[in-house]
Amino acid sequence: MLDVKFIKENPDLVKQGLLNKNAANVVDEVLKLDEERRALILKSDELKAKRNQVSSDIPKMKKAGQDTTVVFAEMKRVGDEIALLDNNLRKIEEELEEMLRNTPNLAHSTVPVGKSADENVEVRQWLPDGFSFKNDFEVLDHIELGKKLQILDFERGTKISGSGFPLYTGKGATLERALINFMLDFHLNHHGYSEILPPVLVNKESMKGTGQIPKMEEDMYLIEKDGLYPIPTSEVPITNIHRDEVLLEKELPIKYVGYSPCFRREAGSYGKESKGFLRVHQFNKVEMVKFSHPKNSYDELESMVVDAEDILKAMGIPYRIILLCTGDLSFSAAKCYDIETWSPAENKWLEASSCSNFENFQARRANIRYRREDDKKLDFVHTLNGSGLATSRLMVSLLENYQTPEGKIVVPKVLQKYTGFEIIG
RNA sequence: GGAAGAGUGGCAGAGUGGUUGAAUGCGGCGGUCUCGAAAACCGUUAUCCCGAAUUUCGGGAUCGGGGGUUCGAAUCCCUCCUCUUCCGCCA
């Protein structure tokens, strides 16, 4: 959530920022509502001050045996007027809150301005030794491989739950579990994160805190009976760990890594990308979350991207880093890098990770603060998160890149101690 | 799911309608004492909002959340949430 004070002090900057993010320009309306709000507070506070004064006088009057009926009648009127003003105030504040909650975060100054994904910028690319975009043999895609090797069963997944609910079988299930364990261990042992295993159903407050609600509500599952949301990413529960808390400056940055299944309705996105793993309703993801000091959150973002890259390097999967332009940035993000892995069968890059700095946008919504050492004041932390990584897209690249001409899968070296086998097929 | 009880400042814990933002203790911070430290003593110790003013001052709000009664609510009423204990059920 943007700060009204900041909008007030930098209206033009915010207007341009919203424009860059393809968002509605609400600046003038926000400022107007804020002005109305302050005027009402001024009047209301004045009357309350009067009421407080009189209230403290009443015991004295009673003690002195004075008649209070006139004062009571007057104060009744004052009370009614206060109630009226506060009612109006609440309406204005709700309207303002609603508007701000629906207003996206602004992009950082280092983010390229652009309308859509076409204007994203490739930052770097990494390819394993001996890698070639041309294949010596006819490659199978992950669906064909999954079927042939009996490790993925999309048809039965559909029978059990519906389309987009993958079923892993045999060595496929083992490989998936190996991936998750490998990634968790890697971040724990080499990158200094501590592990979280979060609840996968969260309440509305948590969804609001990280910004999935209200803007993305249509894409979220909801268990109406209990008012709980299956999480679209463990960013939600993990970031909300410190909702309404005050952290110590010296404990920053706090770095968590956690595995969870993720649930997304993907409403309205059925199409050619919906086959196999490319777009699913349930997938597994290892997520990194950081609570950072505002002054070095951008360094933390860079190192988080490197943390995710290390996983891909260790597994020998070709990838590239994309810096998202302003128009392609998500609602809450100020800056975001996507990591895309190569799919030889699709002959294209697939988004396997997204690492974002939200600055204090989420912290403001979720009220996550830290106390400064020098002046003892409270300030909002910066929150970041990144997939490290999503197994579904990763599995596509893994299977397709590691297939042999005979249609078998070689298990990447680093995963072998987790799988207990070296080859599938 | 049923019954009973409870939710107050960083923590513990008073307060049941009128200078209560809130006693007291612990903790934290500053000081006196000391070569230094401990002890002791003195002082200080929340957050948010509004308004003025170049270190600050004034006002308002907040005692789990929301609503109500009242001139006035931490205190009374309603409702929701959470926790504890007992019963039931259960991986």
Side-chain angles (χ1 to χ4, degrees), chain A residues 1-9 30-101 197 199-209 213 222-229 237 240-252 254 261 360-381:
Chain A
M1 195 153 67
L2 296 179
D3 183 9
V4 178
K5 273 199 198 113
F6 181 81
I7 298 177
K8 207 159 77 182
E9 283 158 20
V30 165
L31 294 182
K32 182 172 143 272
L33 283 172
D34 182 55
E35 213 167 293
E36 288 175 35
R37 176 181 147 263
R38 295 204 320 272
L40 284 170
I41 288 173
L42 207 60
K43 275 193 222 161
S44 173
D45 279 2
E46 221 169 88
L47 290 174
K48 281 174 187 164
K50 184 179 177 186
R51 180 174 69 183
N52 288 343
Q53 180 56 48
V54 173
S55 282
S56 72
D57 287 344
I58 282 173
K60 293 174 200 155
M61 292 177 72
K62 280 193 172 169
K63 217 171 244 176
Q66 293 175 25
D67 181 43
T68 54
T69 47
V70 176
V71 187
F72 278 11
E74 199 200 331
M75 283 305 108
K76 174 79 179 153
R77 277 200 306 277
V78 171
D80 290 346
E81 202 174 334
I82 290 172
L84 197 73
L85 288 169
D86 281 354
N87 243 329
N88 288 339
L89 180 62
R90 198 172 52 210
K91 275 185 210 148
I92 298 277
E93 282 182 334
E94 274 169 15
E95 208 176 322
L96 188 59
E97 167 103 2
E98 165 90 1
M99 193 167 286
L100 288 173
R101 281 203 177 273
L197 187 61
V200 297
L201 300 184
V202 300
N203 59 30
K204 193 166 191 169
E205 272 312 301
S206 295
M207 293 292 268
K208 281 186 184 173
I213 285 182
L222 168 61
I223 298 169
E224 276 187 47
K225 199 169 179 182
D226 300 289
L228 293 170
Y229 296 80
N240 275 282
I241 287 174
H242 295 300
R243 169 151 52 87
D244 292 321
E245 288 185 12
V246 175
L247 305 169
L248 300 175
E249 185 170 24
K250 63 173 182 240
E251 65 185 334
L252 300 177
I254 295 174
N360 66 22
F361 189 82
Q362 290 180 330
R364 208 175 270 288
R365 294 177 157 240
N367 193 30
I368 308 169
R369 298 176 293 176
Y370 72 98
R371 192 176 292 282
R372 287 200 292 250
E373 303 267 5
D374 52 358
D375 61 3
K376 308 292 178 205
K377 294 285 185 205
L378 294 172
D379 189 16
F380 292 105
V381 299

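Naming convention: chains lettered A, B, ... in sequence-line order (proteins, then strands); numbering from 1 in each chain. Source: prediction; values computed, not measured.
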S.K.: Given the P atoms of U85(B) and G13(B), what is the spacing between them in whole Å?
M.R.: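 Going atom to atom, P in each nucleotide, I get 16 Å.
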S.K.: Has the side chain of Asp226(A) got a donor or acceptor atom that lies under 3.5 Å from a matching backbone atom of Leu228(A)?
M.R.: no
S.K.: Roughly, in whole Å, what's the span from CZ in Arg77(A) to P in U70(B)?
M.R.: 16 Å
S.K.: For nucleotides G25(B) and C41(B), find the distance between their P atoms and express it as a whole number of Å.
M.R.: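 Pairwise P distance, G25(B) against C41(B), rounds to 10 Å.
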S.K.: If every non-hydrogen atom of Leu222(A) is compared with every non-hydrogen atom of Gly227(A), which pair is closest and at what distance?
M.R.: CD1-C, 4.2 Å
S.K.: Rounded to whole Å, please give me the gap between CZ in Arg37(A) and P in C49(B).
M.R.: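 Spelled out: CZ on Arg37(A) to P on C49(B) is 8 Å.
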S.K.: Would you say G60(B) has OP1 or OP2 under 4.0 Å from some side-chain N or O of Arg51(A)?
M.R.: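 Answer is no, no contact under 4.0 Å.
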S.K.: How close or far is atom P of G59(B) from atom CD1 of Ile82(A), stated in whole angstroms?
M.R.: 16 Å
S.K.: For G59(B), does OP1 or OP2 lie under 4.0 Å from any side-chain N or O of Asn52(A)?
M.R.: no
S.K.: How far, in whole Å, is C81(B) from C26(B) if one measures between their P atoms?
M.R.: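 The answer is 39 Å between these two P atoms.
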S.K.: Rounded to the nearest Å, what distance is computed from the CG atom of residue Asp379(A) to the C1' atom of nucleotide U47(B)?
M.R.: 14 Å
S.K.: What is the base-pairing partner of U69(B), counting Watson-Crick and G-U wobble geometry with both distances under 3.5 Å?
M.R.: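 Paired with U69(B), as far as the under-3.5 Å criterion goes, is no nucleotide at all.
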S.K.: Does Arg371(A) put a side-chain nitrogen or oxygen below 4.0 Å from OP1 or OP2 of U47(B)?
M.R.: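 Looking at the OP1 and OP2 atoms of U47(B), one of them is under 4.0 Å from a side-chain N or O of Arg371(A).
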S.K.: Which nucleotide in the list U47(B), G18(B), G59(B) gets nearest to the side chain of Leu378(A)?
M.R.: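 Side chain of Leu378(A) sits closest to U47(B).
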S.K.: If I pick the C1' atom on A12(B) and the same atom on G66(B), what distance separates them, to the nearest angstrom?
M.R.: 29 Å
S.K.: Write down the partner of C57(B) under the Watson-Crick or G-U wobble criteria, each distance required to be under 3.5 Å.
M.R.: G51(B)
S.K.: What interatomic distance, in whole Å, is found between C1' of A6(B) and the corresponding atom of G60(B)?
M.R.: 31 Å
S.K.: Determine the minimum heavy-atom distance between Lys208(A) and Arg101(A), stating which atoms define it.
M.R.: O-NH1, 3.9 Å
S.K.: Using purine N1 to pyrimidine N3 plus N6-O4 or O6-N4 for Watson-Crick, or N1-O2 and O6-N3 for G-U wobble, both under 3.5 Å, which nucleotide pairs with A39(B)?
M.R.: none
S.K.: Applying the Watson-Crick and G-U wobble criteria at under 3.5 Å, what pairs with A74(B)? Answer none if nothing qualifies.
M.R.: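 The answer is none; no pair meets the criterion.
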S.K.: Rounding to an integer number of Å, can you tell me how far Glu36(A) CD sits from C50(B) C1'?
M.R.: 16 Å
S.K.: Taking only the side-chain heavy atoms of Ser55(A) (C-beta and beyond), determine which of U70(B), C50(B), G72(B) contains the nearest atom.
M.R.: G72(B)
S.K.: As a test of reading the structure: which of G60(B), C50(B), G18(B) is closest to the side chain of Arg38(A), going by heavy atoms?
M.R.: C50(B)
S.K.: Could you tell me whether the phosphate oxygens of C48(B), OP1 or OP2, come under 4.0 Å of any side-chain nitrogen or oxygen in Arg364(A)?
M.R.: no
S.K.: Quick one: which of G60(B), C50(B), C71(B) gets closest to the side chain of Lys5(A)?
M.R.: C50(B)
S.K.: Identify the nucleotide, in any strand shown, that forms a Watson-Crick or G-U wobble pair with C86(B), with both distances under 3.5 Å; if there is none, say none.
M.R.: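 Across all strands, the one nucleotide that pairs with C86(B) is G2(B).
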S.K.: Determine whether Val54(A) and Ile58(A) satisfy the following criterion, side-chain contact (heavy atoms from CB on, under 4.5 Å), listing intermediate values before the conclusion.
M.R.: CA-CA 6 Å; Val54(A) 173; Ile58(A) 282 173; 4.2 Å; yes
S.K.: When you compare A14(B) with G65(B), how far apart are their C1' atoms, in angstrom units rounded to a whole number?
M.R.: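 Those two atoms are separated by 24 Å.
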S.K.: Using the C1' atom on both, measure U20(B) against U8(B) and round to a whole Å.
M.R.: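 Pairwise C1' distance, U20(B) against U8(B), rounds to 11 Å.
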S.K.: Can you figure out which of A61(B), G67(B), G18(B) approaches the side chain of Arg90(A) most closely?
M.R.: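 Of the candidates, G67(B) comes closest.
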S.K.: Please give the distance between the P atoms of G21(B) and A61(B) as a whole number of Å.
M.R.: 9 Å
S.K.: Rounded to the nearest angstrom, tell me the gap between atom CG in Leu33(A) and atom P in C49(B).
M.R.: 18 Å
S.K.: Counting side-chain heavy atoms from C-beta on, which of G60(B), G18(B), C48(B) comes nearest to Lys48(A)?
M.R.: G60(B)
S.K.: For the residue pair Val202(A) and Asn240(A), establish whether any side-chain heavy-atom pair is separated by less than 4.5 Å.
M.R.: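 They are not in contact (no side-chain heavy atoms under 4.5 Å apart), so the answer is no.
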S.K.: Measuring only between side-chain heavy atoms, which start at C-beta, is Ile7(A) closer than 4.5 Å to Leu31(A)?
M.R.: yes
